[in-house]
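Lettering follows sequence order; numbering is per chain, from 1.
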There are 2 protein chains.
Amino acid sequence: MKLSGGVEAALHCCVVLTAATGPVPAARLAQLHGVSATYLAKQLQALSRADLVQSVQGKSGGYVLTRPPEDITVLDVVEAVEGTQSTFVCTEIRQRGPLASPPEACTAPCAIARTMAVADRAWRAALREVSIADLGRLVGGDYDTDVLGKVGDWLVSAEP
Amino acid sequence: MKLSGGVEAALHCCVVLTAATGPVPAARLAQLHGVSATYLAKQLQALSRADLVQSVQGKSGGYVLTRPPEDITVLDVVEAVEGTQSTFVCTEIRQRGPLASPPEACTAPCAIARTMAVADRAWRAALREVSIADLGRLVGGDYDTDVLGKVGDWLVSAEP
DNA sequence: GATCCAATACTCGGATAGTAACTGTCCGAGTGGGAAAGG
DNA sequence: CCTTTCCCACTCGGACAGTTACTATCCGAGTATTGGATC
């Protein structure tokens with residue numbers, strides 16, 4: 001039950017894209033975060049497939065947010081990278097063994113699956129409450145200096 | 001982000017142990033659920049390490065719940081099998097790259113880690129709300145017949 | 001000087017190896033029960 | 001018939017392979033830039 005490490009990188013990328021004025025290449029994001037460029041590209045592709053970011057090809061291309069950061073929730077990013085399937089997959093143990101329940105009595109999920117689903121929904125609801133814009137404000141409040149502004153400056157200044 | 005399959009088996013075992021009058025061997029539980037006996041033993045060992053069940057050795061030994069089922073929450077079982085660590089592990093990306101925050105400014109978790117921690121706590125809180133006794137009542141309500149009673153009868157009648 | 005065109009350098013995208021975690025399995029250590037022998 | 005002793009069958013517990021999913025990587029497809037040639 002460990003969340004994929006790519007989620008963290010994807011969230012950082014989305015926050016950084018908030019401070020960008022134009023498309024940012026994946027290699028630039030990787031350099032800024034000090035992570036593997038090729039692996040980060042994989043996560044950004046996932047974000048692209050989920051229509052959270054748009055890829056711009058060509059010489060001065062890169063990734064841009066498709067929506068205002070207020071309209072992108074943390075849940076959107078997590079589900080884009082991890083997938084939308086529930087954390088708990090019921091294997092229908094109740095239909096196995098000598099005292100198996102007949103399949104026609106198992107139309108509804110069992111009590112265990114229901115309980116896990118409730119918890120899963122609570123987790124997702126908490127992630128839906130926070131937007132990327134919120135994250136940007138929060139990291140700004142963590143330090144006295146304007147971190148996001150610095151990032152924006154670095155993105156335009158750092159040339160290959 | 002997939003929950004280990006052993007959690008489902010462990011929860012079923014705990015519910016079944018509610019209906020037992022004496023120690024139940026792991027092999028019996030596996031036979032009842034139609035799963036691999038040796039693998040189920042692994043999960044039961046985890047429950048034993050967490051002091052949720054007690055192992056009784058010897059000829060007519062097995063596993064017994066250490067507490068009344070009202071005092072065992074689903075979260076207890078999940079944490080026993082999956083571990084207590086949070087689903088999100090922050091790798092401190094902010095401390096890497098050219099614009100790295102200095103370590104002395106990173107005493108508190110970053111905004112992303114805090115957000116994920118809130119969601120993690122919401123998930124655990126939902127699991128803490130349901131006890132094994134609740135699960136027993138729920139599965140009883142799912143079907144007209146007294147499933148738990150049948151299980152109890154089978155446990156005492158089925159001889160190797 | 002403006003326009004058109006082609007070469008180019010840079011971008012993303014999916015297909016490809018390596019590694020860690022989960023799944024499934026095995027055999028040894030330990031213990032209570034039961035049979036047998038003795039009083 | 002009761003007690004003691006010993007053996008044994010059955011239990012759990014940790015150590016051992018197989019498989020899946022995650023991590024990390026590579027090279028090919030495509031496009032805006034950019035420089036030059038032309039009008």
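A salt bridge links B/R124 with B/D120: at least one charged nitrogen is closer than 4.0 Å to a carboxylate oxygen.
One finds the CZ atom of B/F88 at 4.0 Å from the CD atom of A/E8 (value rounded to the nearest 0.5 Å).
You'll find that the side chain of A/A26 is closest to C/dC12, out of C/dG13, C/dC12, D/dT11. Among the nucleotides C/dT11, D/dG13, C/dG32, the one closest to the side chain of A/Q57 is C/dT11.
Put simply, the side chain of B/Q43 never gets that close to the backbone of B/A9: no donor and acceptor are under 3.5 Å apart. No side-chain donor-acceptor contact under 3.5 Å links A/Q54 to the backbone of A/S48. Judged by distance alone, with hydrogens and angles left aside, the side-chain atoms of B/D76 form a donor-acceptor pair with the main-chain N or O of B/T73 at under 3.5 Å.
A sub-4.0 Å separation between OP1 or OP2 of C/dG14 and a side-chain N or O of A/R49 is present. Listed pair A/S36 / D/dT25 meets the phosphate criterion, a side-chain N or O lying under 4.0 Å from OP1 or OP2. Regarding contacts with the backbone of D/dC16, every side-chain N or O of B/Y39 stays at 4.0 angstrom or more from both OP1 and OP2. Residue A/S60 places none of its side-chain N or O atoms closer than 4.0 Å to OP1 or OP2 of C/dC10.
A/S55 comes within contact range of the sugar-phosphate backbone alone, with a heavy-atom separation under 4.0 Å but no base atom that close. Residue B/A41 is out of contact with every strand shown, counting any heavy-atom pair closer than 4.0 Å. Among the heavy atoms of the strands, none lies under 4.0 Å from A/A27.
In this structure, A/Q31 atom CD and C/dC10 atom P are separated by 14 Å, rounded to whole Å. To the nearest angstrom, P of C/dC10 lies 6 Å from NZ of A/K59. If you measure from atom CD of A/E82 to atom C1' of D/dT23, you get 13 Å, rounded to the nearest angstrom. D/dT25 atom C1' lies 14 Å from atom CG of A/L40, rounded to whole Å. Distance, A/Q45 CD to D/dT25 P: 15 Å, rounded to whole Å. What separates CD of A/Q43 from C1' of C/dG14 is a distance of 14 Å, to the nearest Å. Atom CG of A/L47 is separated from atom C1' of C/dC12 by 14 Å (rounded to the nearest Å). One interatomic measurement links the two molecules: CG of B/L44 to P of D/dC12, which rounds to 8 Å at whole-angstrom precision.
You'll find the side chain of B/Q31 reaches within 4.5 Å of the side chain of B/W154, heavy atoms only.
Taking every heavy atom of residues 2-21 of chain B and every atom of DNA chain D, no pair lies under 4.0 Å.
Residues B/K42 and B/V24 each lie close to DNA chain D; by heavy-atom proximity, the contact nearer the 5' end of the strand is made by B/V24.
If you check the side chains of A/D51 and A/T66, you find no donor sitting under 3.5 Å from an acceptor.
B/G61 and B/P23 make their closest contact through C-CB, 3.7 Å (heavy atoms, listed as atom of the first residue, atom of the second, distance).
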